[in-house]
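Note sheet for the following structure.
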Amino acid sequence: MSLYLVTGGAGFIGSHLAEALVGRGERVRVVDSLVTGHRRNLAHLQGVDFIEGDLADIDIARRAVDGVDVVLHQAAIPSVPRSIQDPLTSHRANVDASLNVLMAARDAGVKRLVYAGSSSAYGNTPTLPKVETMPAAPLSPYALQKFVAEQYCQLFTRLYGLETVAIRYFNVFGPRQDPSSPYSGVISLFIRALHEGHQPTIYGDGEQTRDFTYVTNVVDGVLRACAAPTANGEVINVATGGRISLNHLFRSVRDLMGATVEPLHAAPRPGDVCDSQADIRKATELLGYQPTVSFEAGLAKTIEWYRAAQPVVA
Ligand code: UD1
């Protein structure tokens with residue numbers, strides 16, 4: 001049995017990875033600072049070894065990777081607007097901590113590190129869908145930081161022979177995504193607002209598009225990347241491959257929830273990308289990946305989860 005370290009494992013995506021690994025009978029360790037993650041996200045899992053700590057501290061990184069076979073590096077401050085407000089804090093979490101994890105993984109003889117990259121690296125490059133060979137064009141500190149850490153992964157593969165794979169995520173959503181901050185992912189914010197009878201806000205004209213990806217698909221892509229021999233040193237998109245506008249998203253959530261409110265409109269957010277859609281052919285070729293849960297099915301499951309988790313107080 002291998003030992004897997006999930007950094008950021010008390011967060012949204014990290015906790016789904018931990019859950020899938022426990023389900024497969026693997027040994028799992030989680031390290032999380034609990035800045036954006038929550039212990040409750042792991043409460044249903046048995047036998048997970050938990051370290052609370054900040055990976056920007058190299059000693060925490062070394063303790064976390066000790067004896068580990070595979071690292072799934074998910075820890076980050078995952079927000080475009082938050083990185084614009086406070087670039088230093090997000091740089092520390094997204095770049096400094098990633099370098100520490102890579103150094104510690106290299107020194108501990110980790111077999112492979114799979115990194116949570118981001119579609120934001122593509123910026124507003126005019127061509128759709130986004131292919132991994134396109135040059136990066138970051139529009140925010142967050143996008144740049146995610147890209148820098150991805151480059152560090154590739155350098156560590158070339159310079160030190162540490163196996164790494166960077167998976168570029170595209171607007172992941174699903175159960176346990178936390179709607180409690182203004183920086184939260186848009187789907188969680190829309191569901192919570194409608195659940196509580198408030199009007200969600202759409203930034204800009206709502207015609208911007210995203211490749212919204214249900215979390216189960218991402219978990220599948222990442223777990224495949226842990227083992228796929230030809231994925232070493234690569235950057236790979238994992239997404240649904242579609243494109244949904246914010247206006248369409250709003251109507252879908254409203255219909256599924258049986259709500260009637262209209263959205264509020266506000267100015268476009270600085271650093272916002274216009275359109276995002278993944279080319280997923282590389283993931284299919286190298287990982288045998290295909291999305292198994294559609295946007296619509298994922299949205300229905302997510303709404304069901306929020307309703308069960310946060311019943312309306314009468
Ligand atoms: C970006 C990245 C994504 C990354 C995420 C981390 C791109 C294409 N995607 O997502 O890879 O994981 O940051 O946070 O860069 N919006 C509203 N109303 C709201 C909230 C958001 O209209 O209340 C809009 C935003 O302006 C944006 C879209 O919804 O156009 C999605 O926003 P969000 O969920 O925050 O993610 P991105 O910024 O696209």
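Numbering of ligands and ligand atoms starts at 1, following listing order.
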Q: Measure from NZ or CZ of Arg176 to the centre of the six-membered ring of Phe12, then state whether that distance is under 6.0 Å and the direction lies within 45° of the axis.
A: no
Q | Stepwise salt bridge (charged side-chain N to carboxylate O under 4.0 Å, His left out) check, Glu150 with Arg168 | A | CA-CA 9 Å; Glu150 194 180 275; Arg168 284 190 178 164; 2.5 Å; yes
Q | Enumerated ligand 1 atoms positioned under 4.0 Å from heavy atoms of Ile202 | A | 22 (O)
Q) Nearest to atom 12 (O) of ligand 1, what protein heavy atom do you find, and at what distance? A) Tyr142 OH, 3.5 Å
(Q) Can you confirm, on distance only, whether ligand 1 has an N/O atom lying under 3.5 Å from any N/O atom belonging to Arg210? (A) yes
(Q) Any side-chain to backbone donor/acceptor pair from Asp32 onto Ala10? Under 3.5 Å, distance only. (A) yes
Q) Tyr169 near ligand 1, heavy-atom distance under 4.0 Å? A) yes
Q: With atom 25 (C) of ligand 1 as the reference point, say which of Arg269, Arg168, Gln277 has the nearest heavy atom.
A: Arg269
Q: Please say whether Val186 places an N or O atom under 3.5 Å from an N or O atom belonging to ligand 1.
A: yes
Q.
Please identify which of these residues, Leu223, Val222, Ile236, Thr164, meets the side chain to side chain contact (heavy atoms under 4.5 Å, CB included) condition with Val114.
A. Val222
Q) Which atoms of ligand 1 have any heavy atom of Gln208 under 4.0 Å away? A) 26 (O), 30 (O)
Q. Under the salt bridge (charged side-chain N to carboxylate O under 4.0 Å, His left out) criterion, do Asp255 and Arg251 qualify, and how do the steps go?
A. CA-CA 6 Å; Asp255 289 351; Arg251 286 192 297 270; over 6 Å; no
(Q) As an exercise, identify every atom of ligand 1 less than 4.0 angstrom from a heavy atom of Leu189. (A) 20 (C), 23 (O)
Q.
Given Leu249, Asp205, Leu246, identify the one with the heavy atom nearest to atom 24 (C) of ligand 1.
A. Leu246
Q. Are Glu262 and Arg254 ion-paired here, with the side-chain N under 4.0 Å from a carboxylate O?
A. yes
Q.
Nearest non-hydrogen contact with atom 2 (C) of ligand 1 belongs to which option: Ser120, Cys274, Gly185?
A. Ser120
**Q.** Geometric N/O contact Ser276 with ligand 1, under 3.5 angstrom
**A.** no
**Q.** Tyr122 to ligand 1, any heavy atom closer than 4.0 Å
**A.** no
Q | Identity and distance of the protein heavy atom lying nearest atom 18 (N) of ligand 1 | A | Thr201 O, 2.7 Å
Q) With distance as the sole test, does Asp275 use its side chain to make a donor-acceptor pair with the main-chain N or O of Leu128 at under 3.5 Å? A) no
Q: Flag this pair as yes if the NZ/CZ of Arg106 is under 6.0 angstrom from the six-membered ring centre of Phe156 and inside a 45 degree cone about the axis; otherwise no.
A: no
Q: Would you confirm whether the ring centroid of Phe173 sits within less than 6.0 angstrom of the ring centroid of Tyr214?
A: yes
Q | Check against salt bridge (charged side-chain N to carboxylate O under 4.0 Å, His left out), Asp107 and Arg62 | A | CA-CA 9 Å; Asp107 297 346; Arg62 292 200 190 283; 3.0 Å; yes
Q) Can you list the atoms of ligand 1 that are under 4.0 Å from a heavy atom of Val80? A) 1 (C), 13 (O), 38 (O)
Q. Among Leu264, Asn171, Ile77, which residue places a heavy atom closest to atom 37 (P) of ligand 1?
A. Asn171
Q) Taking only heavy atoms of Ser79, which atoms of ligand 1 are found under 4.0 Å from at least one of them? A) 14 (O)
Q: If you have a sec, work out which protein heavy atom is nearest atom 22 (O) of ligand 1 and how many Å separate them, to one decimal?
A: Tyr203 N, 2.9 Å
Q. Quick one: which of Asp272, Asn247, Ile13 has a heavy atom closest to atom 27 (C) of ligand 1?
A. Asp272
Q: Evaluate the side chain to side chain donor-acceptor pair (under 3.5 Å) criterion for residues Ser276 and Lys130: first the C-alpha distance (whole Å), next the side-chain angles of each, then the deciding distance (0.1 Å), finally the verdict.
A: CA-CA 7 Å; Ser276 178; Lys130 313 278 192 189; over 6 Å; no
Q. Can Glu234 and Lys282 be counted as an ion pair, charged N to O under 4.0 angstrom?
A. yes
Q.
Using a plain distance cutoff, I'd like to know if Pro78 has any nitrogen or oxygen under 3.5 Å from a nitrogen or oxygen of ligand 1.
A. yes
